[in-house]
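So the structure is just underneath, and the comments pick up after that.
Here is the naming used below: chain letters follow the sequence lines, and residue numbers restart at 1 for every chain.
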Amino acid sequence: MDTMRRETFPKWEHLTGDKSIAGLFSRGEAFIVFPLRVVYLRVEREDAPVRVMFAVPKRHFRHAVDRNRMKRLMRESYRKQKSALIEYAESNGCTLHVAVSLIRPMWLSYGDMYIKMGKIIRNLADRLAEGAEEAKV
RNA sequence: AUAGUCGGGCGGUCUGUCGCCAGGCGCAGCUUUAAGGCUGCAUCGGGAGGAAAGUCCGGGCAACACAGAGCACCAUACUUCCUAACGGGAAGAGGGUCGUGAGAUUCACACAAGCGCAGAAGAAAAUAACCGCCCGCGCUCUUCGCGGGUAAGGGUGAGAAGGUGAGGUAAGAGCUUACCGCCGCAGUGGCGACACUCGCGGGUCAGUGCGCCGUAUGGGUUGAAAGACCAAGUAAACCGGCGUCAUGUCAGGGCUGCUCGCCCGAAGUUACCGCCGGAGGGUAGGUCGAUAGAGUCCGUUGGUGACAGCGGACCCAGAUAAAUGACAGACGCGGCAUCUCGCAUGCCGUACAGAACCCGGCUUAUAGCCCGGCUAUUCCU
């Protein structure tokens, strides 16, 4: 494994498939980093250590252009900061399903989004670590 | 030059860093009898629109339905042409409204065949007498009253019984006549809508709005979440093989109300049951549909034009919880301000908006800019 992890976000790290998504939303745990809501779920080891999806509801952003813009910012800021989370997941030997949705109709700049996403990733990593402790005990 | 009007077109560019999607070529790994497939890396060039939008019309395509015909229902409705088709487009024709004008906008089959409905107006809304005008009678006249005639005048209304002149009359009236208008026919021009005519006929020559009724043309339904195919696993049913003749299975019963367990025990032996295999349907998931087309560009010919023919060149996004991006900087374009008037400096703006089976239209949104025709006003030669 390279010492320098590349900042990629390939297809297999996207969360897809009706069953996975339905399972995540019905059984996952959630927390909020305003205005973003995060739902996550630990599942059995898959090919990817973490699989993520981003959502922007149509009722907040009526035009597809605006929804795309917010999703792209979310994706981009995740891509830049995801390596910590992936390392945690890999060391725990499980896969994490995550969904991040924008729950308020507000515009975030790239800078704001980057900070929020950083918080989300640290939060997720902490919770994952806790879960691992519990599993050991 | 300014203002306007119609038509057509464009709607950012470059650099760096980090990424995404599909494809080509190469290398490596895994897999396969093999063709090939999958994964990774590297590299090459490609990757939203004029509206991709609204989903309002028309087609292709697909599934289902369907003897034929009619009715009903829905849509459309000046003419000719274009087109795969259209409720779209082009050219043209008539009326109304708006504008000094270029133009804009709107109406329309038939409906002088019939029927229905319509009111805070008006005498009256179609068998029109309220006022007025005229005649007769009551009293001799006037006023007034009664009976009758009269649609020329009045106000109301979206609409009031074609208009003007003359004749006519008690007063009037298409009552008669001339002209104008209207309707029908004829002639001429035009493919046609229609236009024109010192032509012929018509005075029973038509009230407004809405609806019903009539005619012609088109329409089967659904809509890519259509539809076609592959299909892990699991349960039940089916087929085949093997095992087993009782310690299995199991109707029924008992301990015990239920489950497990134990016990009693009928029937069946080509069965039941167990194990293995097969085939079919089909879920998760995947593949196709799905990107070469009524295609784009250039030239040319025909046509006023929409468009069509011919020749040549080109291949131009194919995602699927849904790629086509993020950040930084520079430039361009436009506006404003300042001054040393150079496109110098500063500030601001740079839109609307994201493919989802594919086409043709329509409608709506849109910063800023370009080109052409025409109109009005003003100035100069």
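A193(B) and U80(B) have their C1' atoms separated by 8 Å, with the value rounded to a whole Å. Comparing A90(B) with A52(B), their C1' atoms sit 28 Å apart, to the nearest whole Å. Spacing of P atoms, G87(B) relative to A69(B), comes out at 24 Å, to the nearest Å. Comparing the C1' positions of U296(B) and G303(B) gives an interatomic distance of 24 Å, to the nearest angstrom. When the P atom is compared between A321(B) and G309(B), the two are found 43 Å apart, to the nearest whole Å. When the C1' atom is used for both C56(B) and C191(B), the distance is 35 Å, rounded to whole Å. Nucleotides A266(B) and G253(B) are separated by 11 Å at their C1' atoms, to the nearest Å. The C1' atoms of C194(B) and A108(B) are separated by 14 Å, rounded to the nearest whole Å.
In a base pair of the Watson-Crick type (N1 to N3 plus N6-O4 or O6-N4) or a G-U wobble (N1-O2 and O6-N3), with each distance short of 3.5 Å, C25(B) is matched with no nucleotide. Searching all strands for a Watson-Crick or G-U wobble partner of C137(B) with both distances below 3.5 Å returns G145(B). C362(B) and G54(B) make up a base pair, with Watson-Crick or G-U wobble contacts both under 3.5 Å. Across every strand in view, C297(B) sits in a pair with G312(B) that passes the Watson-Crick or G-U test at under 3.5 angstrom. With a cut-off of 3.5 Å on both Watson-Crick or G-U wobble distances, the partner of U76(B) is given as A216(B). Applying the Watson-Crick and G-U wobble criteria (two distances, each under 3.5 Å), C327(B) pairs with G16(B).
For the pair H14(A) and A321(B), the criterion of a side-chain N or O lying under 4.0 Å from OP1 or OP2 is not met. One finds no side-chain N or O of R51(A) lying less than 4.0 angstrom from the OP1 or OP2 phosphate oxygen of A321(B). For R75(A), a side-chain nitrogen or oxygen approaches OP1 or OP2 of U324(B) to under 4.0 Å. Between R69(A) and A326(B) there is a side-chain N or O to OP1 or OP2 distance below 4.0 Å. The side chain of K71(A) places no N or O atom within less than 4.0 Å of a non-bridging phosphate oxygen (OP1 or OP2) of G325(B).
Between M70(A) atom CE and A322(B) atom P there is a gap of 16 Å when expressed in whole angstrom units. Rounded to whole Å, atom C1' of C18(B) lies 11 Å from atom OH of Y114(A).
With A321(B), U324(B), C327(B) as the choices, the nucleotide that has an atom nearest any side-chain atom of R72(A) turns out to be U324(B). Considering only the side chain of K11(A), A22(B) comes nearest among A22(B), A353(B), G325(B). Of the candidates A355(B), C327(B), G325(B), the closest approach to any side-chain atom of A64(A) belongs to A355(B). The side chain of N68(A) has A48(B) as its nearest neighbour among A355(B), A48(B), C21(B). The side chain of W12(A) sits closest to G40(B) out of G40(B), A321(B), G325(B).
In this structure, G50(B) shows a glycosidic angle within 90 degrees of zero, which is the syn conformation. Syn is the glycosidic conformation of C316(B), whose angle stays within 90° of 0. A syn base is found at A48(B): its glycosidic angle is within 90° of 0. G295(B) shows a glycosidic angle more than 90° from 0 and is accordingly assigned anti.
Both V52(A) and K80(A) sit near RNA chain B, but only K80(A) has its closest nucleotide nearer the 5' end. Residues E76(A) and F25(A) both approach RNA chain B. Their nearest nucleotides, taken by heavy-atom distance, put F25(A) toward the 5′ side.
Results of the side chain to side chain contact (heavy atoms under 4.5 Å, CB included) test with V52(A) over V98(A), L85(A), V38(A), L96(A) single out V98(A) as the only residue that passes. Exactly one of R62(A), H63(A), M70(A) qualifies for a side chain to side chain contact (heavy atoms under 4.5 Å, CB included) with D66(A). That residue is H63(A).
Using a 4.0 Å heavy-atom criterion, one finds that R67(A) contacts no nucleic acid atom at all.
Grouping the Ile, Leu, Val, Met, Phe, Trp and Tyr side chains by contacts below 4.5 angstrom, directly or via other members, places W12(A) apart from L24(A). V50(A) and V33(A) fall within the same hydrophobic cluster, where Ile, Leu, Val, Met, Phe, Trp and Tyr residues are linked whenever their side-chain heavy atoms come under 4.5 Å apart, directly or through other members.
Looking only at side-chain heavy atoms (C-beta outward), T8(A) and K82(A) come within less than 4.5 Å of each other.
Between the side chain of E7(A) and the base of G19(B) there is no donor-acceptor pair of N/O atoms closer than 3.5 Å. Counting atom types as modelled, R79(A) pairs a side-chain N or O with a base atom of C18(B) as donor and acceptor under 3.5 Å.
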